[in-house]
Chemist: 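First the structure, then my questions, so here it is.
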Amino acid sequence: MNVPEKPALEGLEKKWMERWAAGGVYRFDRSRPRADVYSIDTPPPTVSGSLHVGHVFSYTHTDVVARFHRMRGKAVFYPMGWDDNGLPTERRVQNFYGVRCDPSLPYDPDFQPPAKPDKHAISVSRPNFIELCARLTAEDEKAFESLWKYLGLSVDWGMTYATIGRHAQKVSQLSFLRLLSKGLAYQLEAPTLWDVDFRTAVAQAELEDREQPGAYHRIAFARGVGDAAVYVETTRPELIPACVALVAHPDDERYKPLFGTEVTTPLFGVRVPIRPHELADPEKGSGIAMICTFGDVTDVVWWRALSLPVRAIIQPNGTLRPVQWGSEGWESTDVARAQEAYDQLANLSALKARTKIVELLRASGDLVGDPRPITHAVKFYEKGDRPLEIVTSRQWFIKTMMFRDALLARAREIRWHPAYMQARLENWINGLNGDWCISRQRFFGVPFPVWYPVLPNGSRDYSNPIVPGEDRLPIDPSTDAPDGYTAAQRDQPGGFSGDPDVMDTWATSSLTPQIAGGWTADDDLFARVFPMDVRPQAHDIIRTWLFSTVLRSHLEFDTLPWSNAAISGWILDPDRKKMSKSKGNVVTPMALLEEHGSDGVRYWAASGRPGADTAFDVGQMKVGRRLAIKLLNASKFVLASAEPRGDISAPIDRGLLTMVGRLVREATADVDDYNYARVLERTESLFWFFCDNYLELVKSRRYGDHGPEGAASANSALLTALSALLRLFAPFLPFVTEEVWSWWQPGSIHTSAWPAAEELFGPAGGENEDGARTLELAATVLGEIRRKKSEEQRPMKTPVARAVVQLPDSDRQLLESARADLCAVALVQDLLIETGETLTVDVQLAAPEASTQERA
RNA sequence: GGGCGGUUAGCUCAGUUGGUAGAGCACCGGCUUUACACGCCGGCUGCCACAGGUUCGAGUCCUGUACCGCCCACCA
């Protein structure tokens, strides 16, 4: 027994994070079979930034669950990944080192970035660029790791991975090649959602709607001489040169007679057909829409369904492509006029072209009235600044649509915490409208491990990709040459060309179980951890990370990647808005941990229900800190006199253990169901009852005032209860519980056994209902006496001359057994326990002493 | 437009299978009580969003409404 004189929380984080590391407390025991393993698909935080309170919140939830399962005897597989792949890192590295990536350059092994970034960015090869990304992110990762350790995450720090690391690249490429060989990955030249600033394709999952001001422009499309014009209302008049048809609903009486006829586009004189299609909404605009290639995804649907020609004008950079009117596909009834009008639009951005064409249409009289301002939702890339365009380009896809039903079944197979989050995934799957586009025209990502033969005419033969052997992975086709070719044959007729694109960041992130679990690199490990037990993550990335992980696992292994999805909510600031950096309201986590203690912050985090958005609340952290301090002091008191020990015979002692045992039983079930917040709440509640009532009731007896047997019973009960309570708290408050544990127990509390109800119920094995009732009654009577003293504004040590308790007969016997404890704690001189209908307590305090009266 | 949550004390939130409304914080009052003043004891605070329905009985179950938030949607 080694209890400090003045126990304190200060310094516990540092002390224990170091000892845990030195002792390997959280090391994964990979000798254990799958059944004994609890594996966690930890979310890899994005490294290109800093951790915020939201991270602390959700990662604490996972850690609590990890600690619980560890104490339940599982070997916990709890790795940490770093998501350093993708655009955010790319941008940061560009600015930090003053470089830009030029994938056409060869790798320079001796390249060193300038000490200070120059005004003019230096061009570097993709491998060099990736080296710089790795270098910068390594720094961030160190900072993250120390914060996580300080927070007390019980991660095995011997198992970390990075999403741009060689292993992750290998897994990404390998998985891709296997999908390719199974025909589940394919490339296609097709209209694709396109960000004109990043100049890359984006996937459906990366879209977001933003409300934008726009305007309906009422435009006349001419029919034959003498026929009334057809009026279309469009928000994108600049796409009139790309118009390939008009479309109205098949049942729309206004346009029925026109189906099959043609109209002429204003300014450009292009003859386009009027066609029927169910998707046309008679309520919108004038009820007839122009189909352009391509203004939005509906255009693509119509274009496909009606087999229309292409007249594409938006270029990858968002400007209008110069067009030679009169050439094939650009026929016009008035070529000179079309050219004259179009030349004023060519090379303008869509927005500028819109302003210009409005002028032209107004001048020509084809614009009816003024544009009518509206607000409408427009699709954006979630990281982008300008509306998405649709550009035809060659992209890689993973087949998704044909697996929708299977994926819906998977969604139902997952155990969701909370359960209602399942609807999010089903909703998303039901709304999918195309296969997953995984190629990005970016640099810092995993390259597609594919080359293409260069034909004698210099063009690439995309239909016969050259793939490397799996043992060569990872490769970078921009610098590596395929087997059987020399580097000199790159981009030469008869030679090869590397695929220039990289994978969507989710194409790698969707493989985190494979990456962390050592798929193909360490099959023994993988077999012990996969499929994993839990995916913890936030609800905003169900459609991306969760969905794509389920898809990849389904395609590769025909199984779920994990059996549980534990969804955490967001942190809301006091205005009930999501906390974010842009709002400037993010508090740095380290400052919080230092001020309130890691246990205090964890207490706040663990109070948040699964899936529930939770208010950022410093008050709760203070409460947590006080709880931790209370644990120190109460433990010190309990451990102050551990002898004599012996049979737990006193009814209230057995009652206490019954209460703790019931709590253990409930807590075990709750945390098995990921209801950690409830466990904390209930444990805390019983702990305060223990401190405020039980400890006080047995104080006198354990000092030996009522003989050695009574003291032995009290001491034994106290130690048993303390041991169990500490272990119940351990997943939540790892530092303070470990500190107290170290005073009197060998080993770490975090590798000790989760308490079992049987430990508390004693050798008899059963609950002691009478004991529990007795303790409740004694606490109630004690409360009444305290109230009386408080009402009379007298000190608690004021003696009670006489107390009369009335209660039903059955309870009377029980309370009688606690008489000595009750009289001792409340200083009752004369306690009468009588039979009554209900419990009443009449308290008569001793007369105030003379000195007290004088002072009053 | 479709879907999912939420609405309980001034604030943050519990409230298991229907059975007399709870905790913490805040506020007010009191107390040096040999584990803890980073403490202890006590007190105040509610048309449980609204309207119906089921029931002996509804915060809890059903229907509808309002507001808040989120997700999704083909946005001409």
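The figures here come from the full heavy-atom set of this structure, side chains too, leaving out hydrogens, waters and symmetry mates. None of the values given here were measured: they were computed from a predicted structure. Numbers restart at 1 for each chain; the letters A, B, ... are given by sequence-line order, proteins then strands.
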Chemist: Looking across every strand, which nucleic acid part, if any, lies under 4.0 Å from R543(A) by heavy atom: base, sugar-phosphate, or nothing?
Modeler: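 The answer is sugar-phosphate, as R543(A) gets under 4.0 Å only of primed atoms, P, OP1 or OP2.
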
Chemist: Looking for any heavy atom pair under 4.0 Å, which part of the strands does W604(A) touch: base, sugar-phosphate only, or nothing?
Modeler: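 Here W604(A) touches no strand at all.
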
Chemist: Could you check which of C36(B), C74(B), C71(B) has an atom nearest any side-chain atom of V297(A)?
Modeler: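 Taking heavy atoms from C-beta onward, the closest nucleotide is C74(B).
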
Chemist: Using a cut-off of 4.0 Å on non-hydrogen atoms, how would the nucleic acid contact of C691(A) be classed: base, sugar-phosphate, or nothing?
Modeler: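 Since a base atom lies under 4.0 Å of C691(A), the category is base.
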
Chemist: Is E791(A) touching bases, backbone alone, or none of the nucleic acid, heavy atoms closer than 4.0 Å?
Modeler: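 Contact class for E791(A): none.
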
Chemist: At under 4.0 Å between heavy atoms, what does A640(A) touch on the DNA or RNA strands: base, sugar-phosphate, or nothing?
Modeler: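 Touches nothing.
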
Chemist: What is the distance, to the nearest angstrom, from the CZ atom on R786(A) to the P atom on G43(B)?
Modeler: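 After rounding, the reported distance stands at 12 Å.
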
Chemist: C36(B) P sits how many Å from F690(A) CZ, rounded?
Modeler: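 It works out to 15 Å between those atoms.
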
Chemist: Regarding D617(A), tell me which of base, sugar-phosphate or nothing describes its non-hydrogen contacts under 4.0 Å with the strands shown.
Modeler: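 Sugar-phosphate contact only - D617(A) comes under 4.0 Å of backbone atoms but never of a base.
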
Chemist: What is the nucleic acid contact for V301(A), judged by heavy atoms within less than 4.0 Å: base, sugar-phosphate only, or nothing?
Modeler: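 Result for V301(A) = nothing.
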
Chemist: Taking all non-hydrogen atoms of both residues, which atom of D385(A) and which atom of R210(A) are closest, and how far apart?
Modeler: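 Minimum heavy-atom separation between D385(A) and R210(A): CA-NH1, 4.4 Å.
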
Chemist: Report yes or no: is the cationic atom of R535(A) (NZ for Lys, CZ for Arg) closer than 6.0 Å to the six-membered ring centre of W545(A), at no more than 45° off its axis?
Modeler: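 Judged by the rule, R535(A) and W545(A) form a cation-pi pair.
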
Chemist: Under 4.0 Å, counting only non-hydrogen atoms across every strand here, what does N430(A) touch: a base, just sugar-phosphate, or nothing?
Modeler: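 If one applies the 4.0 Å heavy-atom cut-off, N430(A) turns out to touch nothing in the nucleic acid.
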
Chemist: Quick one: list whatever passes ring-ring contact (aromatic ring centres under 6.0 Å, His included) with Y603(A), sequence neighbours left out.
Modeler: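 Here no residue qualifies.
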
Chemist: Is there a side-chain polar atom (N or O) of K797(A) under 4.0 Å from OP1 or OP2 of C40(B)?
Modeler: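 So the side-chain polar atoms of K797(A) never come under 4.0 Å of the phosphate oxygens OP1 or OP2 of C40(B).
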
Chemist: Indicate, with a heavy-atom threshold strictly under 4.0 Å, whether L695(A) touches base, sugar-phosphate, or nothing.
Modeler: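 Since a base atom lies under 4.0 Å of L695(A), the category is base.
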
Chemist: Categorize K284(A) for me: base, sugar-phosphate, or nothing, with a 4.0 angstrom heavy-atom threshold over every strand shown.
Modeler: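 Base contact.
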
Chemist: Could you tell me whether E696(A) contacts a base, only the sugar-phosphate backbone, or nothing, with contacts defined as non-hydrogen atoms closer than 4.0 Å?
Modeler: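 Base: the residue E696(A), judged by heavy atoms under 4.0 Å, touches a nucleobase.
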
Chemist: Measure from CZ on R625(A) to C1' on G24(B) and round the result to the nearest Å.
Modeler: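 R625(A) atom CZ is separated from G24(B) atom C1' by 18 Å.
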
Chemist: Once you round it to whole Å, what is the distance between P of A76(B) and CD1 of I240(A)?
Modeler: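 Those two atoms, CD1 and P, are 14 Å apart.
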
Chemist: Starting at atom CZ of R794(A), determine the distance to atom C1' of U32(B), rounded to an integer number of angstrom.
Modeler: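 Atom CZ in R794(A) sits about 17 Å away from atom C1' in U32(B).
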
Chemist: CZ of F616(A) versus P of U12(B): gap in Å, rounded?
Modeler: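 Answer to the nearest Å: 15 Å.
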
Chemist: Answer yes or no: does a side-chain N or O of H376(A) lie under 4.0 Å from OP1 or OP2 of A76(B)?
Modeler: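 True: H376(A) side-chain N/O within range (under 4.0 Å) of A76(B) OP1/OP2.
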
Chemist: What's Q204(A) touching, base or sugar-phosphate or nothing? Going by heavy atoms closer than 4.0 Å.
Modeler: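 Touches sugar-phosphate only.
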
Chemist: Under 4.0 Å: is that the gap between some side-chain N or O of Q793(A) and OP1 or OP2 of G42(B)?
Modeler: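 No, Q793(A) has no side-chain N/O under 4.0 Å of OP1/OP2 on G42(B).
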
Chemist: Is it the case that the base of C41(B) and the side chain of S790(A) share a donor-acceptor contact (distance under 3.5 Å, atom types as modelled)?
Modeler: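 Answer is yes: a donor-acceptor pair is held.
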
Chemist: Does A35(B) have OP1 or OP2 under 4.0 Å away from a side-chain N or O of Y703(A)?
Modeler: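 So the side-chain polar atoms of Y703(A) do come within 4.0 Å of the phosphate oxygens OP1 or OP2 of A35(B), strictly under.
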
Chemist: Hey, does A280(A) reach any base, or is it just sugar-phosphate, or nothing, if we go heavy atoms under 4.0 Å?
Modeler: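 Answer is base: heavy atoms of A280(A) come under 4.0 Å of a base.
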
Chemist: Would you kindly give the NZ-to-C1' distance between K622(A) and A26(B), to the nearest whole Å?
Modeler: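 Atom NZ in K622(A) sits about 13 Å away from atom C1' in A26(B).
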
Chemist: What nucleotide among C74(B), A76(B), G5(B) has an atom nearest to a side-chain atom of N433(A)?
Modeler: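 For N433(A), the side-chain atoms sit closest to C74(B).
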
Chemist: Given A76(B), is OP1 or OP2 found less than 4.0 Å from the side-chain N or O atoms of R218(A)?
Modeler: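 Indeed not, no polar side-chain atom of R218(A) lies that close.
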
Chemist: Can H217(A) and I240(A) be said to form a side-chain contact (heavy atoms from CB on, under 4.5 Å), step by step?
Modeler: CA-CA 11 Å; H217(A) 301 74; I240(A) 290 172; over 6 Å; no

Chemist: Would you tell me if any nitrogen or oxygen in the side chain of K789(A) comes within less than 4.0 Å of OP1 or OP2 on U33(B)?
Modeler: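 No, because none of the side-chain N or O atoms of K789(A) sits under 4.0 Å from OP1 or OP2 of U33(B).
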
Chemist: Could you write out RNA chain B as dot-bracket? Rules: Watson-Crick or G-U wobble, both distances under 3.5 Å, brackets [ ] for crossings, | for pairs with another strand, dot for unpaired.
Modeler: (((((((..((((.....[..)))).(((((.......))))).....(((((..]....))))))))))))....

Chemist: For K788(A) and G43(B), give me the distance from atom NZ to atom C1', rounded to whole Å.
Modeler: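 One finds 15 Å between C1' of G43(B) and NZ of K788(A), rounded.
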
Chemist: Give a yes/no answer on whether the side chain of K699(A) brings an N or O atom under 4.0 Å of OP1 or OP2 in U34(B).
Modeler: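 No, outside the criterion.
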
Chemist: By ring-ring contact (aromatic ring centres under 6.0 Å, His included), which residues pair with H539(A), not counting sequence neighbours?
Modeler: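 By the ring-ring contact (aromatic ring centres under 6.0 Å, His included) rule, H539(A) matches W570(A).
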
Chemist: Please state whether the phosphate of A76(B), meaning OP1 or OP2, lies under 4.0 angstrom from any side-chain nitrogen or oxygen of T298(A).
Modeler: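 So the side-chain polar atoms of T298(A) never come under 4.0 Å of the phosphate oxygens OP1 or OP2 of A76(B).
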
Chemist: When we call it a touch if two heavy atoms are under 4.0 Å apart, what does D692(A) touch: a base, just sugar-phosphate, or nothing?
Modeler: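 The residue D692(A) makes sugar-phosphate contact but no base contact.
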
